[in-house]
Amino acid sequence: MKQNAIVLTNGMLADGSAKTAHGLIRGSDRFSLLGVIDHEHAGKDAGEVLDGKHRNIPVWSSINAALAQPVKIDACIVGIAPVGGKLPAELKLILEECIRNGISIISGLHDFISDMEDMSLLANRYHVTITDVRKPKNRNELHFWNGKIFEVQCPIIAVLGMETNLGKRTTTRMLTEACRREGLNAQMIFTGQTGWMQDGAYGFVLDSTINDFVAGELEHAIHTCYRETNPDLILLEGQAGLRNPSGPCGSEYLISANAKKTVLVFAPKRTYYVDDPSWGPLPSIESEIELVRMYGSEVIALALNTTGCSTEEAFGFQQKLEQQFGIPVLLPIQEGVGKLVPLLRPLVNQ
């Protein structure tokens with residue numbers, strides 16, 4: 001049964017830093033989202049703030065407004081992922097009020113709330129839990145890579161990006177749902193805190209896993225999913241990018257996870273990593289496709305993050321790139337990802 005949850009975004013609901021909230025607004029198999037607390041967008045619908053789609057998710061100005069609604073709140077989720085992963089002081093005050101009202105806390109920050117003595121004592125006093133999704137597993141729970149990935153006989157498809165904050169998780173989830181609607185047993189492997197909050201059946205939080213165990217945890221999640229669900233195909237949520245300077249990531253998916261097919265996400269209007277010239281220019285999409293090929297995988301589709309694009313520009317980029325590369329180019333926000341499913345189905349029968 002889903003838990004009823006509220007989400008905190010600290011005035012950042014329309015910002016990329018609230019990507020955890022954005023994922024939950026788009027859907028979750030773990031939580032029923034009652035509303036969002038964000039003083040900058042109070043009175044609006046969270047879905048409309050996010051992408052113009054009304055989802056009947058109210059935005060409240062304060063925790064008191066949230067508590068005034070008639071449905072019991074089970075959990076309060078920290079919905080932001082700021083650089084450095086620190087808990088803002090103003091959010092800590094809201095979390096304390098939630099605990100006093102019997103509401104458990106869920107956080108994906110690097111700043112572990114359960115390690116804060118005052119918060120831990122308060123949670124014990126009011127008999128609620130604090131879950132830090134990014135908290136590393138005990139070492140005796142971690143797995144080394146051992147070659148079991150080669151027992152997986154269904155297609156494994158990586159959804160990778162040129163860098164961070166592009167929509168890799170959203171694209172992966174949308175592809176999973178689109179395949180299921182067409183009768184395919186598609187399973188998603190999450191690799192981040194929001195993926196755990198949205199689904200959480202199979203996966204791990206990559207960026208808080210000791211490096212020696214990343215390949216093994218990825219293999220273990222895929223192999224367990226394959227053994228338990230007998231899927232037609234498995235989709236892997238990517239992290240960062242193969243050449244992202246702040247944390248290169250992606251080769252694990254192509255080598256350790258044996259993903260022979262890749263959907264590549266990029267933003268056609270983004271020139272520099274994180275839009276900051278000091279980080280250096282983004283490589284060309286042609287060179288990224290070639291790099292993926294050199295790792296032994298084939299880019300079978302592109303997916304566009306169209307931030308900064310008008311609708312006309314988005315479809316113009318789509319048409320141009322499809323002509324250039326001869327593969328489907330997805331516009332997940334504008335038209336979904338369903339056009340790729342007919343191309344995935346033949347892979348299942350190979």
Side-chain angles (χ1 to χ4, degrees), residues 15-20 22-23 80-86 108-110 133-134 136 157-173 175 188-196 203-215 217-218 235-257 259 261-309 317 321 330 332:
D15 187 86
S17 295
K19 62 181 183 179
T20 295
H22 296 169
I80 59 173
V83 175
K86 291 291 185 181
L109 298 176
H110 288 289
V133 179
R134 264 196 172 111
I157 301 165
V159 180
L160 303 183
M162 299 282 283
E163 63 156 334
T164 61
N165 286 352
L166 286 176
K168 298 181 287 293
R169 184 200 67 256
T170 297
T171 302
T172 308
R173 183 173 170 87
L175 280 169
M188 172 178 166
I189 304 298
F190 74 87
T191 56
Q193 73 279 4
T194 309
W196 179 91
F204 70 112
V205 181
L206 188 149
D207 66 9
S208 61
T209 300
I210 299 170
N211 188 61
D212 277 358
F213 295 97
V214 166
E217 284 295 290
L218 185 57
L235 293 145
L236 311 180
E237 174 202 0
Q239 294 292 328
L242 284 164
R243 290 181 274 186
N244 172 46
S246 69
C249 182
S251 61
E252 303 93 337
Y253 297 80
L254 306 180
I255 297 175
S256 306
K261 306 294 181 183
T262 296
V263 175
L264 188 59
V265 186
F266 79 108
K269 282 207 165 184
R270 200 177 293 184
T271 304
Y272 301 99
Y273 286 102
V274 298
D275 283 327
D276 187 340
S278 69
W279 284 47
L282 284 160
S284 68
I285 187 65
E286 293 91 342
S287 70
E288 196 79 358
I289 291 173
E290 176 60 15
L291 181 57
V292 170
R293 186 195 67 77
M294 292 174 68
Y295 273 112
S297 187
E298 176 192 5
V299 175
I300 58 172
L302 303 175
L304 303 190
N305 175 315
T306 53
T307 299
C309 298
F317 279 123
L321 291 165
L330 309 177

I need the minimum non-hydrogen distance between Glu288 and Pro283, along with the two atoms involved. OE1-CG, 3.7 Å
Apply the test side chain to side chain contact (heavy atoms under 4.5 Å, CB included) to residues Ile285 and Met162: give CA-CA distance (whole Å), side-chain angles for both, the deciding distance (0.1 Å), then the verdict. CA-CA 8 Å; Ile285 187 65; Met162 299 282 283; 4.1 Å; yes
Any side-chain heavy atom of Leu160 within less than 4.5 Å of one from Leu254? yes
Could you state the interatomic distance from CD (Gln239) to CG (Asn244), rounded to the nearest 0.5 Å? 10.5 Å
Sequence neighbours excluded, every pair satisfying salt bridge (charged side-chain N to carboxylate O under 4.0 Å, His left out) that has a member inside residues 158-169: Glu163-Arg270
Rounded to the nearest 0.5 Å, what separates atom CD1 in Ile157 from atom OG1 in Thr262? 9.0 Å
Determine whether Tyr295 and Leu242 make a side-chain contact, defined as any pair of heavy atoms from C-beta on separated by less than 4.5 Å. yes
Which value, rounded to the nearest 0.5 Å, describes the distance between Leu304 atom CG and Leu330 atom CG? 8.0 Å
Can a donor-acceptor pair be found between the side chains of Thr191 and Tyr253 at a distance below 3.5 Å? yes
With sequence neighbours left out, the residues meeting ring pair (Phe, Tyr, Trp, His ring centres under 6.0 Å) with Phe266 are none
Trp279 and Tyr272: CA distance, side-chain angles, deciding distance, side chain to side chain contact (heavy atoms under 4.5 Å, CB included) verdict: CA-CA 7 Å; Trp279 284 47; Tyr272 301 99; 5.7 Å; no
Side-chain heavy-atom pair Phe317, Thr306 within 4.5 angstrom cut-off: no
So, do Asn165 and Val274 sit near enough that their side-chain heavy atoms are less than 4.5 Å apart? no
Restricting to non-hydrogen atoms, name the atom on Leu302 and the atom on Val299 that form the minimum distance, rounded to 0.1 Å. CD2-CG1, 4.0 Å
Work out which heavy atom in Glu252 is nearest to a heavy atom in Cys249; give both atom names and the distance. OE1-SG, 3.7 Å
Between Ala81 and Leu109, which heavy-atom pair has the shortest distance, and what is it? CA-CD2, 4.5 Å
Mind checking the CG-CD spacing from Leu291 to Glu286? Nearest 0.5 Å is all I need. 13.5 Å
Distance (rounded to the nearest 0.5 Å) between Ile255 CD1 and Leu218 CG: 11.5 Å
Nearest heavy-atom approach of Gln193 to Thr20 is NE2-OG1, 3.6 Å
With distance as the sole criterion, is a donor-acceptor pair present between the side chains of Arg173 and Thr194 under 3.5 Å? no
To the nearest 0.5 Å, how far apart are OG in Ser251 and CE in Met294? 13.0 Å
For Lys269 and Gly308 the tightest heavy-atom approach is NZ-O, 3.3 Å
Assess whether atom CG of Asp276 is packed by more than 12 heavy atoms of other residues, nucleotides or ligands within 6.0 Å. yes
Does some side-chain heavy atom of Asp15 sit less than 4.5 Å from a side-chain heavy atom of Ile80? no
Check whether any side-chain N or O of Ser297 sits under 3.5 Å from a backbone N or O of Ala259 as a donor-acceptor pair, and report yes or no. yes
side-chain contact (heavy atoms from CB on, under 4.5 Å) partner of Leu264, the single match among Thr171, Val159, Ile289, Leu166: Ile289
